[in-house]
2 protein chains.
Amino acid sequence: MLAFVNAPTIGRVSTETTRAQTPTPGEAPTPDQAADASEAGPKRRQARGERRIAQLLEAAGHVFAESGYSATTTNAIAARAGVSPGSLYQYFPNKDAIAAALAESYADSLDELLTPFAVVDPTAVTLEQALGASLPPIVDFHRAHPACLALFIGGNAPGHIMDLQQPLMARTHARIAALLTLYAPQLPSERLQLGASVTLAAYKGVLPLLVESPEELVPELTEQLKDLLVGYLDRLLANGD
Amino acid sequence: MLAFVNAPTIGRVSTETTRAQTPTPGEAPTPDQAADASEAGPKRRQARGERRIAQLLEAAGHVFAESGYSATTTNAIAARAGVSPGSLYQYFPNKDAIAAALAESYADSLDELLTPFAVVDPTAVTLEQALGASLPPIVDFHRAHPACLALFIGGNAPGHIMDLQQPLMARTHARIAALLTLYAPQLPSERLQLGASVTLAAYKGVLPLLVESPEELVPELTEQLKDLLVGYLDRLLANGD
DNA sequence: GGAGATTACGAGTGATTGCTCGCATTCGTC
DNA sequence: GACGAATGCGAGCAATCACTCGTAATCTCC
C-alpha cells in the first residue's frame, strides 16, 4: 500500500557526513570508478527490489515515528521490514538516505494536497470555506504518516536531517503566501510574508495535537485549527489596509 | 549569570533507564546503603560545587540547543564547561539527569512568567491587553534559553526526556484554561479545555519562529503571536454562547 | 538449463560514547 | 598544619550501532 515505490534519489546522497570508515586513508583510490557510475546510474532493479524498498520505507516510517530519528537503529528498521541489515544497505547507502527518501515521498504527497490553495477563486469561495475544504485531507495524511511530523516538521534531529524539511516548508510557505495574495492583493508583501510564516508556524504547532488525538476528536479539532487560522488571517487582512 | 544555582533534585533520578554497567549481577548488593542514603540525602556540597553545577547546566543548555539531546555527548558538555568528564559525573548521575535538571530550572522560570495569567481582572483588562503585557517576557526568556524550546517544547528526544516536558505543559495548559475561565465563565468546560489545548499548541508552534528570528523582528512577531491567539480566542468565546 | 545479474543473508568490524575508577588536589575546620 | 571530605582529573572500559563482506539463493533472459 501507499505508492512509495517510485524510487527516489537514492545513490547520490551525503557521502561525507557519514562516519569515515576508511582505516588507511593514505591509499590512493582506484580511478576506474569515475567513469563507471559517474552521474547517470539509475541502477537495474527487479520488481522484488522495488517491493523491498517499499517495505523498508514503510517500516522506517513506523520506527521513526515511534522513536525519533537518532534513537532508531537501521537494524530495527530492517527487522521491522522483515529483512536483514545487509539487504537494507543494498537499497540505501546509509541511514540518512532512508530519511531522505521518506522526506521526498512525504513532500510529494503534501505538495499535491496543497495544490487546491493555488486554484481558489476568491470571489466565489471565502477563505474559511477554502480552508474548511482543504484541511481535512491534510490532517488525514498526517495521521496516516506520523513520521512526517516527527521527522520533518518541528522535529529536531541532527542537522543534515533537518535540512530535508526545508524544501517542503518553503513550498508550503509559498502556497500560503499565494493564497494570501489572492485574498488580500493590497497587503504589502513584507507583511504578507510575515503573515504566511506565522500561519505556517501555527499550523505546524497544532498538527501534533491532531495526530495524537483519538479518532473521534479529529473533526472538532480540525474545525478549531480552521478557526485559529481564519481568526488570525482576518486580523492580518483587516490591519493591513 | 542566570540563577540556575538552586540545586535541583539531583541524585534520585532514573536508576534503571541507564545502561546496566554491572558485569557480574549475581553479586548481592551490600545492604548498608539502604539505611545510608535511602530518601533524605541532600549531599554535602561546597560553594565550588554549586558553581560547577551552574557552569555545567549553562554549558549543557548551549550544547543541547545546538545539537539536540541525543547528538550531544556528555564529554562535549564537560568540555564546554571547562571540566573533565569525571567531574561532570560527580554532580549528575547520568546524561538524563542533566536534562532533567535543566527542565526543572526552565519549568520554574516559566511558571513564574505565567503567573500574571492567574491574577488578571477581566473587568479592567481586555484579553488582548493581558496577552500584550505577558507575552514579551516569555518570548525574551525563550530567546535567552533556546534549549528549553529545543528539548522540552515540541522536540522529539528519546522517551524519558519527553516525559520531562509534561509537567511544564500541564501547568501551562492549566494557566491558559484559568485565563479562559475568567473571560468566558459560561463556556462549557469541555470546549474550554479544547480551546486551551489549541491555544497552547499554536503558541508552541510560533515560538521557534520567535527564537530564531533576528532581534529587530521580535516586537513585530510578538504582536503577530498576540493577534493569532486573540483572533482564535475571540472566535472560541463567540461560538460558545 | 545455464550464464550473469540481482537479491538476500547475518556475523563481524571499527568508531563512538556514556560512564567508571584510581588517584591527585583543594577546601573547610579544628 | 593536619585531617577528612569534597572536588578534580582523564585514560580507559563496555556496550551500542552504522555499516561491510563473503557467500548463497533467486531471478531474468537466452
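In the text below, chain A, chain B and the rest are named by the order of the sequence lines, each starting its count at 1.
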Quick one: is D:dA6 close enough that its OP1 or OP2 comes under 4.0 Å of any side-chain N or O from B:Tyr91?
-> no
Interatomic distance where CD belongs to B:Gln46 and P belongs to C:dT25 [whole Å] = 17 Å
OP1 or OP2 of D:dG10 under 4.0 Å from side-chain N/O of B:Ser84 | no
When B:Arg80 is tested against each of B:Glu58, B:Glu66, B:Gln55 for side-chain hydrogen bond (donor to acceptor under 3.5 Å, both in side chains), which residue passes?
-> B:Glu66
Any side-chain N or O of A:Arg52 under 4.0 Å from OP1/OP2 of C:dA8?
-> yes
Using a cut-off of strictly less than 4.0 Å, decide whether B:Thr73 has a side-chain nitrogen or oxygen near OP1 or OP2 of C:dT17.
-> no
By nearest nucleotide on DNA chain D, pick out whichever of B:Asn75 and B:Ala47 is the more 5' one.
-> B:Ala47
What does B:Gly86 touch in the nucleic acid at a heavy-atom separation under 4.0 angstrom: a base, only the sugar-phosphate, or nothing?
-> base
Taking the side chain as every heavy atom from C-beta outward, state whether A:Ile53 and A:Phe92 have any pair of such atoms under 4.5 Å apart.
-> yes
Check whether any side-chain N or O of B:Tyr89 sits under 4.0 Å from OP1 or OP2 of C:dT20, and answer yes or no.
-> no
Determine the minimum heavy-atom distance between B:Val198 and A:Gln224, stating which atoms define it.
-> CG2-CB, 3.8 Å
What is the nucleic acid contact for B:Thr72, judged by heavy atoms within less than 4.0 Å: base, sugar-phosphate only, or nothing?
-> sugar-phosphate
Short side-chain N/O contact from A:Thr74 to OP1 or OP2 of D:dC19, under 4.0 Å = no
